[in-house]
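What follows is a short report on a single structure.
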Amino acid sequence: MVKKTNLKTIARDLGLSVGTVSRVLNGKAKEYRISDQTVDLVLKYASESGYTPNLIAKGLRDSKTYTIGLVIPDIANPFFSIMAKNIEKAASIANYSIILVDAEENIEREKHQIKNMISRKVDGIIAAPVGTTFEHFNEILQAEIPLIFVDRYIKDSSVTYIASDNFMGGYNATNHLISKGHSKIGLIKGSEIIEPVKERRQGYLKALEEAGIKPDRSLIEGKAFSIESGYESTVKLLKLPEPPTALFAMSNVIGLGVLKALKEYKYAVPEDISLIIFDDQPYVSYLNPPITTIKQNSKKIGEIAIEYILQLMNDLHTPLTSRLIPTEIIFRDSVLDIK
């Protein structure tokens with residue numbers, strides 16, 4: 001019978017104290033000034049011996065569940081599913097499990113799921129809020145459960161957030177279209193109760209202002225991050241007496257609706273109309289033509305979210321600074337130079 005590896009056997013075999021081994025495996029080596037050589041030795045031994053910590057017993061001792069709640073608006077949206085994957089990977093490295101719930105862009109469902117998270121006694125919660133109502137999130141703070149916002153956030157709250165630099169993303173997308181000679185640029189957006197929508201719209205308007213282009217309200221459409229809204233908004237813009245020469249779709253899901261409408265109305269991209277989509281997804285590079293996008297760094301957002309929530313779980317009063325992660329424009333073949 002193979003004897004199960006535990007802290008005592010690792011310490012005995014390596015000639016170290018149980019305390020040193022425990023600190024290394026719990027990520028506290030730097031705090032206790034344990035050498036990199038010792039850290040590498042312990043981690044290598046633990047990996048090769050198949051050591052797995054008994055988190056249930058540890059949780060009972062530490063009054064922890066070793067779980068983090070993750071509340072996202074829509075798991076069907078590729079951006080959120082990829083972000084959730086990156087958060088789970090980062091949490092797993094720290095020996096935490098993720099309890100994932102989908103709010104389905106419904107604030108009542110979000111409230112219900114928040115109560116579930118609190119009752120499950122998760123050690124922390126990471127959330128991308130559906131709306132601007134904060135009361136149910138305040139229940140988390142009252143329960144002294146660490147809380148971090150990702151992607152979406154409630155600006156007037158005190159909760160630390162990690163999100164894309166949506167203003168600059170909107171600005172850069174619009175500015176690129178302007179640099180190619182476009183002045184009639186349609187903006188297809190989501191609901192403006194969501195902070196990233198406001199900021200992307202502000203970036204769009206700022207780029208127009210700097211170029212001396214008067215904003216045209218009739219060129220701004222959209223009410224939700226959905227294929228249906230993207231489709232309906234595009235149809236409205238195409239039916240204008242003077243349709244736009246370019247479109248800026250505010251999300252990948254909206255972009256799918258835009259592409260559906262353009263195909264139905266026989267608009268060729270970029271010959272008849274140029275297109276940029278906010279958020280880069282694998283499928284866009286396989287389209288004909290490949291679509292120019294604004295790429296968000298969901299991996300970085302996920303890593304920082306876990307880093308922050310772990311710090312708060314260690315000390316609820318740790319001062320943290322909200323972060324805006326830069327976006328990147330990925331140039332492809334969907335924008336025509338009409339200068």
Side-chain angles (χ1 to χ4, degrees), residues 73-74 76-82 105 164 166 169-178 180-192 194 196-201 203-205 207-208 215-296 327 329-338:
D74 182 9
N77 184 326
F79 171 76
F80 289 115
S81 58
I82 292 172
E105 296 287 3
S164 295
N166 291 290
Y171 175 88
N172 289 336
T174 310
N175 197 49
H176 177 57
L177 292 169
I178 292 170
K180 298 300 182 182
H182 298 276
S183 58
K184 292 185 70 64
I185 302 169
L187 176 67
I188 304 179
K189 60 182 183 60
S191 168
E192 291 208 29
I194 300 171
V197 172
K198 296 178 186 177
E199 293 174 355
R200 292 173 195 178
R201 184 176 185 271
Y204 162 85
L205 293 173
L208 293 178
D216 183 345
R217 183 63 189 83
S218 69
L219 294 177
I220 301 176
E221 288 287 349
K223 57 185 179 181
F225 282 133
S226 70
I227 293 174
E228 294 76 17
S229 181
Y231 172 82
E232 293 167 3
S233 301
T234 304
V235 170
K236 285 182 181 178
L237 293 179
L238 296 181
K239 289 183 175 180
L240 288 173
E242 293 184 38
T245 62
L247 297 174
F248 172 29
M250 229 186 234
S251 80
N252 66 86
V253 177
I254 289 173
L256 289 173
V258 173
L259 290 167
K260 179 184 176 185
L262 294 178
K263 181 178 179 181
E264 187 174 305
Y265 281 78
K266 300 186 181 341
Y267 272 72
V269 177
E271 292 81 6
D272 300 325
I273 196 164
S274 293
L275 174 63
I276 293 182
I277 296 176
F278 199 108
D279 192 25
D280 188 61
Q281 296 297 326
Y283 72 86
V284 297
S285 63
Y286 297 106
L287 297 174
N288 186 20
I291 307 297
T292 295
T293 58
I294 299 297
K295 183 178 182 180
Q296 302 185 80
T327 59
I329 188 163
I330 306 297
F331 299 102
R332 296 193 179 96
D333 302 327
S334 62
V335 177
L336 185 67
D337 192 333
I338 62 172

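The first residue of the sequence shown is numbered 1, and numbering continues consecutively from there.
Heavy-atom minimum distance, D279 versus F79: OD2-CB, 3.1 Å. Contact record, I178 with A207: CD1-O, 3.5 Å, taken as the closest heavy-atom pair. The minimum heavy-atom distance between Y267 and P243, with the atom names listed, is OH-CG, 4.1 Å. In terms of heavy-atom proximity, S81 sits nearest to P78 at OG-O, 2.9 Å. Across all their heavy atoms, I188 and V258 have their closest contact at CD1-CG2, 3.6 Å. For the residue pair G170 and F278, the shortest heavy atom distance occurs at N-CE1, 3.8 Å.
Within 6.0 Å of the NZ atom in K236, the count of heavy atoms belonging to other residues, nucleotides or ligands does not exceed 12. Annotation: E271, atom CD; neighbour count of heavy atoms from other residues, nucleotides and ligands within 6.0 Å is above 12.
In this structure, OG in S334 is found 11.0 Å from CD1 in I273, a value given to the nearest 0.5 Å. Between I338 atom CD1 and K180 atom NZ the span is 11.5 Å, to the nearest 0.5 Å. Remark: S233 OG to I220 CD1 distance equals 11.5 Å, nearest 0.5 Å. One finds the CG atom of L237 at 12.5 Å from the CD1 atom of I185 (value rounded to the nearest 0.5 Å). In this structure, the separation between CD on E199 and OG on S164 is 10.0 Å, given to the nearest 0.5 Å. Between the CG atom of L247 and the CD1 atom of I277 there is a distance of 10.0 Å, given to the nearest 0.5 Å.
For the pair S251 (side chain) and I254 (backbone), a donor-acceptor distance under 3.5 Å is present. Panel note: side chain S229, backbone K223; a donor-acceptor pair is recorded below 3.5 Å. A distance-only check finds no donor-acceptor pair linking the side chain of R201 to the backbone of K189 [under 3.5 Å].
I82 has its side chain within reach of Q281: a pair of non-hydrogen atoms, C-beta onward, lies under 4.5 Å apart. Proximity of L275 to L259: side-chain heavy atoms (C-beta onward) are separated by under 4.5 Å at one or more points. Annotation: side chain of P289 is in contact with side chain of P270 (closest heavy-atom distance under 4.5 Å). Side-chain atoms of N252 and V284, non-hydrogen and from C-beta on, never get closer than 4.5 Å to each other. Between T234 and Y265 the shortest side-chain heavy-atom distance does not fall below 4.5 Å. In this structure, the side chains of H182 and S274 come closer than 4.5 Å at one or more pairs of heavy atoms. Using a 4.5 Å heavy-atom threshold, the side chains of P73 and F225 count as separate. Using a 4.5 Å heavy-atom cutoff, the side chains of L238 and L262 are in contact.
Partners of K295 under the salt bridge (charged side-chain N to carboxylate O under 4.0 Å, His left out) rule, at least two apart in sequence or in another chain, do not exist in this structure.
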| message | The test is side-chain contact (heavy atoms from CB on, under 4.5 Å); show your working for M250 and Y204 and say whether it passes. | response | CA-CA 10 Å; M250 229 186 234; Y204 162 85; over 6 Å; no
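The pair R332-D280 meets the salt-bridge criterion, since a charged nitrogen lies less than 4.0 angstrom from a carboxylate oxygen.
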